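Shown next, in structure tokens, is the structure this report addresses.
Just so you know, these numbers come straight off a predicted model, no measurement behind them.
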Amino acid sequence: MSHTKNPAVNANGTTAGARPLAEVSLPSDADLDGAAELARLVADRTRLAILALLAQRELSVGEIAQKLHRPVAAVSQHLAKLRIGRLVSSRRAGTTIYCALANEHVGALVTNILEQSEHTLYDRPPHHERAPETKG
């Protein structure tokens, strides 16, 4: 069920069109540590579900709890971790707290994780069946 193609390999053992090894770089230790921490935050099923909801629109803490069928207190704890990780922002309107994704990169991250997961679960991933969004 592999969706990857075998790239052509040159006589010197490198992939055709690939950058020479001397030009391949590794992110800094700090960047890798930060990315690993981000991956740990997103690896929790409830937090991923919260992010998937917020990728669609801003929601109140109560609305998130209702959609997830979870207590508000439990959702609030997850949201606190997501805020500390700078994945979610929040605002208060009276007594209601509204949450949104912190930036467009979080939305892209959530979409990519969910769509990549579909590639491991299905021969024909559902996102390949959906009509592409039109920009206008």
**Study point:** Glu58 side chain to Leu54 backbone, donor-acceptor under 3.5 Å
**Key:**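 No, the answer is negative, given that no donor and acceptor are paired below the 3.5 Å cut-off.
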Point to revise | Donor-acceptor contact present, side-chain Thr111 to main-chain Gly107, <3.5 Å | key: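 Pair found, side chain donor or acceptor close to backbone of Gly107.
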Side-chain contact test, heavy atoms from C-beta onward, threshold under 4.5 Å: evaluate it for [X] versus [Y] and give yes or no.
X      : Y      : result
Asn103 : Leu87  : no
Leu48  : Asp44  : no
Leu32  : Leu26  : yes
His128 : His119 : yes

Distance (rounded to the nearest 0.5 Å) between [X] [atom1] and [Y] [atom2]:
X      : Y      : atom1 : atom2 : result
Cys99  : Glu63  : SG    : CD    : 10.0 Å
His78  : Arg47  : NE2   : CZ    : 6.0 Å
Glu104 : Leu109 : CD    : CG    : 12.0 Å
Leu79  : Ile50  : CG    : CD1   : 4.5 Å
Glu115 : Thr120 : CD    : OG1   : 12.5 Å
Ser76  : Lys81  : OG    : NZ    : 12.5 Å

Can you see which heavy atom on [X] is nearest to which on [Y], and at what distance?
X     : Y     : answer
Val88 : Arg83 : O-CG, 3.4 Å
Ala49 : Leu68 : CB-CD2, 3.7 Å
Tyr98 : Ala93 : CE1-CB, 3.8 Å
Val72 : Ala65 : CG2-CB, 3.8 Å

Less than 3.5 Å apart, which donor and acceptor atoms pair up between the side chains of residues 33-43 and the rest of the protein, not counting sequence neighbours?
from, atom 1, to, atom 2, distance (Å)
Glu37, OE1, Arg40, NE, 3.2
Glu37, OE1, Arg40, NH2, 3.1

Point to revise | salt bridge (charged side-chain N to carboxylate O under 4.0 Å, His left out) involving Arg92 - partner list, sequence neighbours excluded | key: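 Scan of Arg92 (salt bridge (charged side-chain N to carboxylate O under 4.0 Å, His left out), adjacent residues dropped) gives none.
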Would you say [X] has more than 12 foreign heavy atoms packed within less than 6.0 Å of its [atom1]?
X      : atom1 : value
Asn112 : CG    : yes
Gln66  : CD    : no
Arg45  : CZ    : no

Exercise for review: Answer with yes or no whether the side chains of Thr46 and Arg70 bring together a donor and an acceptor at under 3.5 Å.
Suggested key: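 The answer is yes; a qualifying pair exists.
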